Every structure is written in structure tokens, then in C-alpha cells.
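Encoded as C-alpha cells, the structure appears first; notes follow it.
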Amino acid sequence: MKILIIGNGGREHALVWKISKSPLVKKVYCAPGNAGTSDVAENVNIESTDIKGLVEFAVNNSINLTVVGPELPLTLGIVNEFEKRGLKIFGPSKEAAEIEGSKVFAKYMMKKYKIPTAKYESFNSQKDAKDYILSFQPSAFSFQPVVIKADGLAAGKGVIICNTIEEAVNAVDLIMVEKVFGSAGMKIIIEEYLKGEEASFMVFSDGEEIVPLASAQDHKQIYDGDKGPNTGGMGAYSPAPVITDSISKEIIDTIIRPLISGMKEERKTYKGILYAGLMIVNSKPFVLEFNCRFGDPETQPILMRMKNDIVPIMMSVVDGKLKGKEIQWGNEPSVCVVMAANGYPDKYEKGKEIGGLDEAKNIENLRVFHAGTSKIKDKVVTNGGRVIGVTSLGANFEDAIDRAYKGVSLIKWDGVYYRRDIGRKAIPISRKSLDI
Ligand code: AMP
Ligand code: GLY
């Protein structure tokens with residue numbers, strides 16, 4: 001088979017790596033890819049939003065399966081265009097991708113199909129939104145934090161947590177008047193703040209059947225101890241101990257199955273990966289968001305633990321034959337530490353030469369997934385905010401963390417930044433005093 005993977009992040013490098021190990025696969029392309037994908041796949045210089053260009057490439061090169069990484073081409077309808085031409089493609093249609101593309105639609109689905117989520121109101125006028133906020137108890141002592149979300153795609157950043165009425169009013173101005181998240185701010189959601197432990201839960205779905213992936217936990221904030229602004233994700237680990245077997249069953253029964261059958265009922269049959277971003281509050285799962293694609297960086301540690309060939313599973317999703325399929329997971333936990341450019345998630349510099357990649361690659365049970373990198377002659381340079389995801393397997397979480405950070409310590413560039421506490425939450429409290 002010839003497979004085309006669309007995107008240029010760490011998630012796509014991990015997919016290229018996993019897919020290229022399949023005995024069914026003869027050739028892998030990645031559009032546009034990064035310096036890491038070019039070691040395994042042939043990079044194709046077409047942007048992930050150039051749907052016409054990608055369709056033409058798939059036709060001209062007899063691609064047997066295309067796998068879409070990022071949300072933007074999915075919400076723009078890449079799957080619809082490929083299917084019109086009879087091309088096999090892994091991912092949801094434009095209509096189904098709305099589950100990520102519009103938070104208002106996602107909330108509508110959750111309300112209609114009784115899926116547990118934070119209580120909310122949606123607004124398309126800033127005056128109504130502010131009147132709603134000002135109707136809250138004006139005493140500073142009784143104000144419960146609220147979360148204000150821009151409706152459309154904002155690269156994981158369109159969410160503001162507000163601890164006072166003033167912050168909430170300012171957030172409405174920022175999103176709806178100053179349009180800091182662009183057109184995503186035409187509509188907003190104001191929702192109740194949920195306090196608990198976050199986790200990510202993904203499933204393969206062929207529209208009817210589902211097969212869950214291993215659980216994972218992301219580290220959204222930029223600084224250690226979950227401080228500072230949200231990013232696309234500064235590291236992840238799998239499994240997430242907070243998702244016990246019984247919580248996993250509850251997630252499937254009360255969240256995943258109702259959503260998949262609801263999407264079918266709405267004539268938006270959902271095929272591909274469904275990602276639920278969850279808050280576990282007193283052992284009960286609530287949905288914070290749905291994504292229409294693999295998580296980044298969660299996919300990196302999850303794929304490290306996946307024992308079987310991913311290609312037959314992807315094909316059965318596309319062909320509607322997922323029933324009876326299973327995935328085997330290794331028992332060893334995995335940890336991915338994201339190395340970013342100094343300044344991310346705001347302004348950062350590009351073009352810094354990266355050293356130590358080959359030394360890190362020599363560590364056993366460790367993979368160096370590239371994200372924002374490119375090659376200039378034979379040098380690898382930084383080309384994005386999140387640059388590298390060093391991903392390890394270990395006998396236990398301590399071992400996996402130790403190994404990942406050993407890799408991190410070898411990789412260097414001018415202005416590198418990473419969190420130093422990735423994975424620590426997964427270690428039972430009794431063992432944390434070991435101070436790893
Ligand atoms: P979202 O894009 O909706 O997942 O929101 C991004 C991040 O904001 C989440 O990963 C959480 O850390 C935080 N967040 C979103 N909604 C809530 C909520 N209702 N309560 C607490 N934190 C939230
Ligand atoms: N890591 C969060 C996401 O992929 O949306």
C-alpha cells in the first residue's frame with residue numbers, strides 16, 4: 001500500500017513511524033511533513049489546507065489510504081473531497097468534524113444526548129454575554145470561576161478561565177470585541193468551572209462500532225505545576241492512572257456511545273478518531289471538549305504502547321468494518337516531553353540549529369519525534385513553537401520519565417524550553433518523595 005499522512009507536527013511524525021512499520025505498507029508520504037518525517041517518509045511540499053493539491057497528489061500517485069492529522073483540513077471538508085473522487089481517507093467528514101469546529105454544536109449535542117458536561121449558556125452578542133455575567137452575585141466571595149470559550153478553532157487557545165466578574169467581562173471584550181482569537185470569537189460559550197483531574201480518551205469509530213485507545217494525560221499549561229497560559233500541550237503520558245477500568249467503562253457508556261449514535265441520528269455519521277477531553281470530578285467523567293482527530297502530544301506515547309499494526313484498524317474504520325477489532329497495549333507506560341522554542345505559546349524565534357538528535361536516538365526504548373523542525377542542507381533547525389517530543393517507554397513511570405529526560409538533556413538549541421515535571425502526576429503520591 002501507499003499511504004499519505006497529512007500534517008507536520010509531532011503527532012504526524014509518530015503516525016508516519018507507526019504506519020511505516022506495517023508489513024502492508026510499501027511507501028509513506030507526508031504532506032508537508034518535517035525534518036523527522038523525511039527520515040522515514042517522502043515529504044511532499046503541499047500544505048495541509050491545500051485540499052485540491054492533496055486530492056491531485058493522491059490521484060496521481062495512486063495513494064491507497066490518506067490519514068489526516070490536524071483539525072483544520074477536516075473542518076474544511078478534505079474527507080468529503082477525497083470521497084467524491086473515490087479515494088480512501090481516514091477522518092470525519094466536514095459535517096462530523098463540526099464536533100470540534102464549533103463548541104456551540106458540541107454543547108448542543110451533549111445537551112440533546114444527555115452527555116455529562118459543564119453547565120453553559122451560549123451568546124452571539126457581547127451585550128447579552130455581559131448582562132449574563134453581571135447578573136451573577138456581585139460579591140467577590142460568592143463568585144464561582146467561569147470559563148469563557150470562543151466558538152471556533154483557536155489552536156487550543158480560545159479558552160479563558162475567569163476568577164472575578166471583571167475578568168469575565170474583560171474576557172468577553174477580548175474575544176468578541178478585540179477578536180484575539182479571530183473569527184472564532186463571533187460566538188462564545190460561558191460555562192461552569194469544573195475542578196478535577198484532566199485526561200484524554202480517544203476511540204476509533206467507523207460510525208457505529210468503537211475501539212478505544214489507551215488513555216493519556218496531557219500537560220496543557222506552559223510552566224511546571226500547571227501554571228501559566230495554555231498551550232497545544234507540553235507533554236503527555238499513557239496510561240492515565242486517573243482513568244480506572246470502571247471510569248473507562250463509564251466514559252464509553254455515558255459519553256462515547258451516546259455521541260457516536262447521536263451523530264448518526266443527526267446524519268453526521270462519525271468516522272475516524274473521536275477524542276474526548278475530560279475532567280474527572282470525584283470519579284465522574286465530564287466532557288470539556290471533543291476533538292475530531294488524534295491528540296498532540298497524546299498520540300506519541302499512545303502509539304509507543306500499541307502492539308498491533310495500526311493500518312488494518314484504520315482501513316476497517318474507513319470501510320465500516322470495525323466490529324470485533326481489538327488493540328493490544330504493552331504494559332510499559334510511556335512519557336513524552338515536549339521541547340519548545342523559548343517564548344511559545346506567544347512569539348518565538350525560528351531557525352536555530354538543533355544538536356544532539358543522533359545521541360538521543362541511541363537511547364533504548366526512546367523515540368525522538370519531530371514537530372516544528374525543518375532541514376537546511378544537512379542541518380536540522382527549529383521551525384515552530386513545539387519543536388521535539390522525546391518519547392520513552394519504561395518499566396514504570398519513574399523509569400519512563402528518567403529515560404525521556406535523559407534524551408531531553410542531550411538535545412540542545414539556543415532558546416530551548418521544556419517543563420521539568422512531565423509525568424510526575426502519574427506516580428503514586430507515596431513514591432513522589434523520591435524526588436526524580
Ligand atoms: P478546551 O479547549 O475546551 O478543552 O479548553 C482548554 C482547557 O481549558 C482545558 O484543557 C482545561 O484545562 C480548561 N477548561 C476548559 N473548560 C473548562 C471547565 N469547564 N472547567 C475547568 N477547566 C476548563
Ligand atoms: N493535546 C491536546 C489536543 O490535541 O487537543
Side-chain angles (χ1 to χ4, degrees), residues 7 9-12 14-15 68-72 74-75 97 99-107 110 116-122 144-163 168 171 175 181 184-185 188-202 213 215-223 225-238 240 273-281 284-303 336-338 340 345 369 371 385-386 389 419 422 425:
R11 162 185 55 207
E12 287 78 18
L15 284 166
V68 188
E71 59 277 17
L72 193 52
L74 292 166
T75 58
I99 200 69
E100 176 167 1
S102 164
K103 288 191 189 286
V104 171
F105 173 69
K107 282 292 198 184
M110 288 186 257
T117 186
K119 291 194 195 74
Y120 76 102
E121 296 288 337
S122 58
Q144 298 293 318
V146 290
V147 184
I148 305 196
K149 301 185 173 184
D151 181 41
L153 294 179
K157 294 169 208 151
V159 172
I160 304 180
I161 295 172
C162 311
N163 291 301
I175 299 177
F181 306 123
I188 59 165
I189 278 177
I190 303 184
E191 73 177 30
E192 135 195 63
Y193 177 80
L194 297 174
K195 199 166 164 38
E197 184 85 10
E198 276 191 70
S200 310
F201 195 87
M202 290 183 251
L213 279 79
S215 63
Q217 190 154 4
D218 190 7
H219 297 65
K220 288 239 164 70
Q221 286 93 344
I222 185 79
Y223 303 127
D226 295 335
K227 302 260 166 32
N230 270 348
T231 68
M234 293 303 294
Y237 56 84
S238 172
I273 285 281
L274 175 69
Y275 167 129
L278 305 168
M279 189 71 90
I280 313 295
V281 185
K284 285 209 88 61
F286 291 81
V287 177
L288 296 180
E289 63 169 345
F290 284 115
N291 292 329
C292 62
R293 43 143 184 110
F294 285 101
D296 188 348
E298 293 95 322
T299 300
Q300 292 83 311
I302 287 177
L303 292 188
C336 169
V337 179
V338 169
F369 292 122
R386 293 190 291 173
R419 276 180 61 161
I422 302 299
K425 259 195 253 170

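First listed ligand is number 1; within each ligand, the first listed atom is number 1. All figures in this text were calculated on a predicted structure; none of them were measured in a lab.
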Item to check | Criterion side chain to side chain contact (heavy atoms under 4.5 Å, CB included) against E298, the qualifying member of Y237, F201, Y275 | outcome: Y275
Checklist entry - How many angstroms lie between NZ in K119 and CD in E191, if you round to the nearest 0.5 Å? => result 11.5 Å
Item to check | Rounded distance [0.5 Å steps], CD in Q144 versus CD in E192 | outcome: 9.0 Å
Item to check | Contact atoms of ligand 2, heavy-atom distance to G295 under 4.0 Å | outcome: 4 (O)
Checklist outcome for this item: The atoms of ligand 1 lying under 4.0 Å from a heavy atom of M279, numbered in the order shown, are 21 (C), 22 (N)
Checklist entry - Backbone N or O of A97 within a donor-acceptor pair of the E100 side chain at under 3.5 Å? => result no
Checklist outcome for this item: In terms of heavy-atom contacts, G233 and D218 come closest through CA-OD1, 3.4 Å
Item to check | Option whose closest heavy atom lies nearest to atom 13 (C) of ligand 1, chosen from V147, I161, V146, D218 | outcome: I161
Next on the checklist: With a cutoff of 4.0 Å, is G233 in contact with ligand 2, counting heavy atoms of the residue only?
Outcome noted: no
Item to check | Validation row: F181, I160 side chains within 4.5 angstrom (heavy atoms) | outcome: yes
Next on the checklist: Heavy-atom distances under 4.0 Å decide this one: backbone, side chain, both or neither, for L288 against ligand 1?
Outcome noted: both
Item to check | Check: D296 N/O within less than 3.5 Å of ligand 2 N/O | outcome: yes
Checklist outcome for this item: Under 4.0 Å from one or more heavy atoms of K103, ligand 1 contributes atoms 1 (P), 2 (O), 3 (O)
Checklist outcome for this item: If we number the atoms of ligand 2 from 1 as shown, the ones under 4.0 Å from a heavy atom of R293 are 3 (C), 4 (O), 5 (O)
Checklist entry - So is there a nitrogen or oxygen of E289 less than 3.5 Å from a nitrogen or oxygen in ligand 1? => result yes
Checklist entry - Does any N or O in the side chain of H219 come within less than 3.5 Å of the main-chain N or O of I422, such that one atom is a donor and the other an acceptor? => result no
Checklist entry - Could a heavy atom of Q221 be found less than 4.0 Å from some atom of ligand 1? => result no
Item to check | Numbered atoms of ligand 1 (with element) below 4.0 Å of L194, judged on heavy atoms | outcome: 18 (C), 19 (N), 20 (N), 21 (C)
Item to check | For E191, atoms of ligand 1 separated by under 4.0 Å from a heavy atom | outcome: 16 (N), 17 (C), 18 (C), 19 (N)
Checklist entry - If you count the atoms of ligand 2 from 1 in the order shown, which ones are under 4.0 Å from a heavy atom of D218? => result 1 (N), 2 (C)
Item to check | The single option from T75, L74, I273, V68 passing side chain to side chain contact (heavy atoms under 4.5 Å, CB included) against R293 | outcome: L74
Checklist entry - CD1 of I189 to NZ of K107: how many Å apart, nearest 0.5 Å? => result 6.0 Å
Checklist entry - Any heavy atom of E192 sitting closer than 4.0 Å to ligand 1? => result yes
Checklist entry - Heavy-atom contact under 4.0 Å between A236 and ligand 2? => result no
Checklist entry - Near K149, which atoms of ligand 1 are under 4.0 Å from a heavy atom of that residue? => result 3 (O), 15 (C), 16 (N)
Checklist entry - Counting heavy atoms not belonging to Y223, are there more than 12 under 6.0 Å from its OH? => result no
Next on the checklist: Going by side chain to side chain contact (heavy atoms under 4.5 Å, CB included), Y193 matches just one of I161, N163, V146. Which one?
Outcome noted: I161
Item to check | Location of contacts on Q217 toward ligand 2, heavy atoms closer than 4.0 Å | outcome: neither
Checklist outcome for this item: A student checking ligand 1 against N230 at a 4.0 Å heavy-atom cut-off should list atoms 6 (C), 7 (C), 8 (O)
Checklist outcome for this item: Atoms of ligand 2 under 4.0 Å from any heavy atom of G232, numbered from 1 in the order shown, are 1 (N), 2 (C)
Checklist entry - So is Y275 close enough to ligand 2, meaning a heavy atom under 4.0 angstrom away? => result yes
Next on the checklist: Only heavy atoms of E298, strictly under 4.0 Å: list the atoms of ligand 2 that pass.
Outcome noted: 1 (N), 2 (C), 4 (O)
Item to check | Side-chain donor or acceptor of S238 paired with backbone N/O of S215 under 3.5 Å | outcome: yes
Item to check | Heavy-atom closest contact (D296 atom, R386 atom, distance) | outcome: O-NH1, 3.1 Å
